[in-house]
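Every number for a ligand or one of its atoms is a count from 1 in the order of the listing. Since this is a predicted model, take the numbers as computed values, not measurements.
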Amino acid sequence: MHISSAIFDCSAPDLDSCPDESLPEFAFIGRSNVGKSSVLNLLAGQAGLARVSPTPGFTKLINFFTMNKTWRLVDLPGYGFAAGAKKDSARFNQAVSHYLKRRTNLCLVFALIDSGLEPQEMDVDFIEWLARNAVPFVLVFTKADKENPATVQANIAAFTARIAGWFEQPPSVFTCSAITGQGRPDLLSVIGETMKEIQAESERAPVAPENLSIPNRKATRKNRPDLQRPW
Ligand SMILES: Nc1nc2c(ncn2[C@@H]2O[C@H](COP(=O)(O)OP(=O)(O)OP(=O)(O)O)[C@@H](O)[C@H]2O)c(=O)[nH]1
Ligand SMILES: [Mg+2]
């Protein structure tokens, strides 16, 4: 997929403040500092679009970016970082949880994991939470330039082994680096394929006019239990 335009839309502190649900969305989630904003910039092809920082907990709002005027990338605050006012950090965690569980035009989540680390309990718990809440996701192992390829592969194998038992079909796995550009074509292909599937689905099963381009996820989600967040 070619990116012809990438524009920052707005930032939202909670679900009610998010823009309308007219465009398909693809969101980045993962621990603070894992590289969410950097991967967003990599896909958008613009280094300074989302703000990147070595300080964990930097992205504090839900940030929306419109690509090619037709779909959005969404940069979410990370989990696992509790500095700052406790009340604020609780609010942002709740905003992310609401976004992931209730946003009906959320098509796919990129769940980012640091490829340089052995499986971290917080990440394993978070993937379990995504699975139990039926949030569609793929795994993206980040910062592949930092370790040798054998270590990266060993960490990926250990992580996927930890979560394998929860899935009939294991999630797709990608590796990327915001420094070398590794993974960009693969992740853009995933978005392209998902958009095609959405188009095909909406042609097969017509939905309400306001949801014409996006299958109604509310219907499939409304009976799920409201499970506790692990982060
Ligand atoms: N070597 C290397 N460093 C990276 C890569 N991606 C991100 N970084 C660095 O990791 C740090 C965090 O990157 P961000 O993209 O801000 O991470 P984030 O997940 O958005 O962080 P929060 O917003 O704080 O949750 C920055 O110093 C980046 O330059 C990568 O692929 N390789
Ligand atoms: Mg960020």
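- The parts of Pro54 lying near ligand 1 are both backbone and side chain, judged by heavy-atom distances below 4.0 Å.
- Among Gln182, Lys143, Glu147, the residue whose heavy atom sits closest to atom 9 (C) of ligand 1 is Lys143.
- At under 3.5 Å, a nitrogen or oxygen of Ser37, whether backbone or side chain, sits near a nitrogen or oxygen of ligand 1.
- With hydrogens and angles ignored, the 3.5 Å screen pairs a side-chain donor or acceptor of Thr70 with a backbone N or O of Asn68.
- Residue Pro77 has no N or O atom closer than 3.5 Å to an N or O atom of ligand 1.
- Looking only at distances, no side-chain donor or acceptor of Asn105 sits under 3.5 Å from a matching main-chain atom of Glu25.
- Donor-acceptor pairing under 3.5 Å is recorded for the side chains of Ser17 and Asp14.
- Taking distance alone, with nitrogen or oxygen atoms compared against 3.5 Å, Ser38 approaches ligand 1 more closely than that limit.
- With hydrophobic clusters built from ILVMFWY side chains whose heavy atoms lie under 4.5 angstrom apart, Val190 does not share a cluster with Leu42.
- Per-residue contacts place Ala178 under 4.0 angstrom from the following atoms of ligand 1 (heavy atoms of the residue considered): 6 (N), 30 (C), 31 (O).
- Under the 3.5 Å distance criterion, with hydrogens and angles disregarded, a donor-acceptor pair is assigned to the side chains of Asp75 and Ser37.
- A salt bridge links Glu121 with Arg162: the distance from a Lys NZ or Arg NE/NH1/NH2 to an Asp or Glu carboxylate oxygen falls below 4.0 Å.
- No donor-acceptor contact under 3.5 angstrom links the side chains of Arg31 and Asn33, judged on distance only.
- Ligand 1 lies less than 4.0 angstrom from a heavy atom belonging to Ser177.
- Close approach of ligand 1 to Lys36 is summarised as follows: ligand atoms under 4.0 Å from at least one heavy atom of the residue are 15 (O), 17 (O), 18 (P), 19 (O), 20 (O), 21 (O), 22 (P), 25 (O).
- The atoms of ligand 1 that sit less than 4.0 Å from any heavy atom of Ser32 are 25 (O).
- The Mg ion (ligand 2) has an N, O or S atom of Ser37 under 2.8 Å away, backbone or side chain.
- Those atoms of ligand 1 with a heavy atom of Asp145 less than 4.0 angstrom away are 1 (N), 2 (C), 30 (C), 31 (O), 32 (N).
- Using 4.0 Å as the threshold, Thr55 has a heavy atom nearer than that to some atom of ligand 1.
- Within the listing of ligand 1, atoms 19 (O) sit less than 4.0 angstrom from a heavy atom of Val34.
- Separating the NZ atom in Lys36 from the CG atom in Asn63 is a distance of 11.5 Å, to the nearest 0.5 Å.
- Within 6.0 Å of CD on Gln120 lie more than 12 heavy atoms contributed by other residues, nucleotides or ligands.
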